[in-house]
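In what follows, a single structure is set out as structure tokens and then discussed.
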Amino acid sequence: MVFNSLWFISVGNVNLDVSFTLDSYPGVGVNVVARGLWLGVGGAAVNYSACVAKLGHRVSVVSLVNPLMVKLGLLEELSRLGVDTSYVRVVDGDPNIAVIIMVPGESQRTIVSYRGVSRLLDASMIPNVGDHVHLASVPARILLDTRARIGSKPLSYDPGGEASRDPASVRSAVRVADWVFVNEKELELLTGFRGFEGASRLLESGVGMVIVKRGSEGALVVTRSLRLSMRAPRIEKPVDVVGTGDAFDAAFNVYYLETNDPQIALRHAIAAGALKTMLRGSSNMPSRADVESLARRIH
């Protein structure tokens with residue numbers, strides 16, 4: 001069953017993603033020829049939005065792009081993915097670009113990002129509309145300003161690389177989020193601990209719920225009254241792990257808002273993340289039917 005009553009707002013980068021597939025990671029000073037290329041629209045907020053759309057809900061992305069990205073058709077591609085671009089501003093400046101290098105079958109990848117006009121992103125751009133706001137890989141100051149702007153509307157935050165760039169600010173700011181997504185490395189950077197201990201320490205900051213993404217090991221959900229752990233299905237040969245965490249975030253938010261049940265939300269989030277690894281392209285996301293089929297086999 002597909003629901004159409006919720007409106008999600010996603011805030012973050014709209015990138016031009018250039019993804020190369022190599023036989024092995026190159027050394028310094030070596031010229032290599034890629035065996036595969038994917039070129040398209042990406043960025044954590046975009047990948048999240050594409051997954052929300054695939055899961056049957058309305059979603060708008062809030063971001064900045066430069067005129068070149070418009071000419072290249074990135075906004076048209078977002079619309080094709082079912083993502084509303086009404087709150088994307090076109091401004092002069094450098095483009096947002098991510099170059100991704102991966103080796104088939106490996107669960108790791110290397111990403112070199114250039115933040116162009118997205119560095120001008122500000123909470124004043126975020127409309128006080130919709131049912132839920134998700135902040136994807138944006139500075140902690142935007143989280144604080146967003147809470148002041150949207151009042152009590154449900155708000156989630158995935159700091160992404162901000163957890164390593166400015167862990168003190170992230171740890172201080174998460175108190176205003178209703179729930180926060182982190183992977184285990186980010187959790188350790190923020191608290192000095194991993195697993196349930198790290199999540200419990202992050203709860204002390206004031207955030208209501210902590211969701212810890214553990215890759216092939218599954219994920220955790222921790223609140224002041226709940227400790228939930230769930231394993232992920234085994235993926236023998238992942239095709240593309242870029243966007244896996246964004247698919248996880250999107251599915252968790254969708255199913256949590258639909259059911260108010262963190263266990264159901266976690267099961268579907270793990271399924272969405274696992275299925276994303278089998279799809280080439282940052283913003284290429286699994287269908288709701290496929291997510292729910294796999295989720296039935298996760299316990």
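Side-chain atoms are counted along with the backbone in the values below, which use heavy atoms only and exclude waters and symmetry mates. Note that the numbering runs from 1 along the sequence shown for the chain.
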Worksheet item: Is Val11 linked to Leu143 within one hydrophobic cluster, defined over Ile, Leu, Val, Met, Phe, Trp and Tyr using a side-chain heavy-atom separation of less than 4.5 Å?
Response: yes

Fill in: Leu189 CG to Ser164 OG distance, which is reported to the nearest 0.5 Å
6.5 Å

Worksheet item: Mind checking what makes ring pair (Phe, Tyr, Trp, His ring centres under 6.0 Å) contact with Tyr48, not counting sequence neighbours?
Response: His134

Worksheet entry | pair Leu81-Ser283: side-chain heavy atoms closer than 4.5 Å | yes

Practice prompt. Answer yes or no: are there more than 12 heavy-atom neighbours, outside Arg234 itself, under 6.0 Å from its atom CZ?
Written response: no

Item to complete: Find the distance between CG (Leu275) and CD1 (Ile235) and round it off to the nearest 0.5 Å.
Response: 7.0 Å

Worksheet item: Hey, does the side chain of Asp240 reach the backbone of Gly281 with a donor-acceptor pair shorter than 3.5 angstrom?
Response: yes

Practice prompt. Before accepting this row, confirm whether a basic side-chain N of the pair Asp131/Lys153 lies closer than 4.0 Å to the acidic partner's carboxylate O.
Written response: no

Discussion item. Rounded at 0.5 Å granularity, tell me how far OG in Ser229 sits from CZ in Phe196.
Written reply: 5.0 Å

Practice prompt. State whether the side chain of Ser205 and the backbone N or O of Val207 hold a donor-acceptor pair below 3.5 Å, judged by distance alone.
Written response: no

Worksheet item: Under the 3.5 angstrom rule, does the side chain of Ser172 hit a backbone N or O of Ser169 as a donor-acceptor pair?
Response: no

Item to complete: Report yes or no: do Ser118 and Asn13 form a side-chain donor-acceptor pair below 3.5 Å?
Response: yes

Practice prompt. Compute the ring centroids of Tyr256 and Trp179, then answer whether they are less than 6.0 Å apart.
Written response: yes

Fill in: Lys NZ or Arg CZ of Arg35 over Phe20 ring: under 6.0 Å, within 45°
no

Worksheet item: So, Arg149 and Asp122, do they make that salt bridge, N to O below 4.0 Å?
Response: no

Discussion item. Counting C-beta onward and ignoring hydrogens, is there a side-chain heavy-atom pair between Ser49 and Val52 closer than 4.5 Å?
Written reply: no

Fill in: Sub-4.5 Å side-chain heavy-atom contact between Ser10 and Val62
no

Discussion item. Distance check, rounded to the nearest 0.5 Å: Gln263 atom CD versus Leu228 atom CG?
Written reply: 5.5 Å

Practice prompt. Scan side-chain atoms only and decide if Arg89 and Ser63 contain a donor-acceptor pair under the 3.5 Å cut-off.
Written response: no

Discussion item. Salt bridge check, Arg296 against Glu292: does any charged N sit closer than 4.0 Å to a carboxylate O?
Written reply: no

Item to complete: Assess whether ring-ring contact (aromatic ring centres under 6.0 Å, His included) is satisfied between Tyr157 and Phe181, documenting all intermediate values.
Response: CA-CA 6 Å; Tyr157 180 46; Phe181 298 95; 9.9 Å; no

Practice prompt. Using modelled atom types only, decide if a donor and an acceptor are shared between the side chain of Arg224 and the backbone of Leu203 within a distance under 3.5 Å.
Written response: yes

Worksheet item: Got a donor-acceptor contact below 3.5 angstrom from the Arg58 side chain to the Trp7 backbone?
Response: no

Practice prompt. Specify the closest pair of heavy atoms between Thr21 and Arg280, including all atoms of both residues, with the distance to one decimal.
Written response: OG1-NH2, 2.7 Å

Worksheet entry | Val221 versus Ile211, closest heavy-atom pair with distance | CG2-CG1, 4.1 Å

Worksheet entry | Minimum-distance pair of heavy atoms, taken over all atoms of Ser156 and Asn253 | OG-ND2, 3.1 Å

Worksheet item: When clusters are formed by joining ILVMFWY residues with side-chain heavy atoms under 4.5 Å apart, either directly or through shared neighbours, do Phe8 and Leu78 land in the same one?
Response: yes

Fill in: Asn47 side-chain N/O to Gly43 backbone N/O, donor-acceptor pair under 3.5 Å
yes

Item to complete: Determine, step by step, whether Arg231 and Glu217 satisfy the side chain to side chain contact (heavy atoms under 4.5 Å, CB included) criterion, reporting the C-alpha distance in whole Å, the side-chain angles of both residues, the deciding distance to 0.1 Å, and the verdict.
Response: CA-CA 6 Å; Arg231 294 191 64 84; Glu217 296 300 313; 3.3 Å; yes

Worksheet item: How about Cys51 and Phe248: do any of their side-chain heavy atoms sit closer than 4.5 Å?
Response: no

Discussion item. Less than 4.0 angstrom from a charged side-chain N to a carboxylate O is my criterion; do Arg214 and Glu186 meet it?
Written reply: no

Discussion item. For the backbone of Gly243 and the side chain of Lys276, can you confirm whether one donor and one acceptor N or O come within less than 3.5 Å of each other?
Written reply: no

Worksheet item: From Leu72 CG over to Leu39 CG, what is the distance, rounded to the nearest 0.5 angstrom?
Response: 8.0 Å

Worksheet entry | Euclidean distance, Ile126 CD1 relative to Thr146 OG1, rounded to 0.5 Å | 3.0 Å

Worksheet entry | Where Leu226 and Pro262 come nearest, the two heavy atoms and their spacing | CD2-CG, 3.6 Å

Practice prompt. Check whether any side-chain heavy atom of Asn66 lies under 4.5 Å from a side-chain heavy atom of Asp92, and answer yes or no.
Written response: no

Item to complete: Could you check Ser86 against Asp84 for side chain to side chain donor-acceptor pair (under 3.5 Å), going step by step and ending with a plain yes or no?
Response: CA-CA 6 Å; Ser86 300; Asp84 171 50; 2.7 Å; yes

Worksheet item: Looking at side-chain heavy atoms only, is the closest gap between Val88 and Val65 below 4.5 Å?
Response: yes

Worksheet item: With no hydrogens and no angle check, is any side-chain donor or acceptor of Arg194 less than 3.5 Å from a backbone partner on Glu188?
Response: no

Item to complete: Might you work through the salt bridge (charged side-chain N to carboxylate O under 4.0 Å, His left out) test for Lys213 and Asp249, ending with a clear yes or no?
Response: CA-CA 9 Å; Lys213 296 177 281 190; Asp249 293 0; 3.0 Å; yes

Item to complete: Write down the atom of Met69, the atom of Leu16, and the distance for their closest heavy-atom approach.
Response: CE-N, 3.9 Å

Fill in: Salt bridge present between Asp178 and Arg147 (N-O < 4.0 angstrom)
yes

Discussion item. I'd like to check Glu162 versus Val138 (side-chain heavy atoms, cut-off strictly below 4.5 Å). Are they in contact?
Written reply: no

Item to complete: Determine the minimum heavy-atom distance between Asn96 and Val14, stating which atoms define it.
Response: ND2-O, 3.0 Å

Discussion item. Would you say Val117 ends up clustered with Met125 if hydrophobic residues are merged whenever their side chains have heavy atoms under 4.5 Å apart, either directly or through other cluster members?
Written reply: yes

Practice prompt. Decide whether Ile100 and Leu74 are clustered together by the hydrophobic rule: side chain heavy atoms of Ile, Leu, Val, Met, Phe, Trp, Tyr closer than 4.5 Å, transitively.
Written response: no

Worksheet item: Under 3.5 Å, side chain of Ser293 to main-chain N/O of Ala289, donor-acceptor pair present?
Response: no

Worksheet entry | Any Asp158 side-chain heavy atom under 4.5 Å of Leu135 side chain | no

Worksheet item: Would you find a donor on one side and an acceptor on the other, under 3.5 Å apart, between the side chain of Arg119 and the backbone of Gly116?
Response: yes

Discussion item. Hydrophobic cluster membership, with links at side-chain heavy-atom distances under 4.5 Å among I/L/V/M/F/W/Y: are Val59 and Val41 in one?
Written reply: yes

Practice prompt. Tell me, yes or no, whether the heavy-atom count around Glu76 atom CD, taken from other residues, nucleotides or ligands under 6.0 Å, exceeds 12.
Written response: no

Item to complete: State which residues pass side-chain hydrogen bond (donor to acceptor under 3.5 Å, both in side chains) with Arg80; sequence neighbours excluded, sorted by chain then number.
Response: Glu77

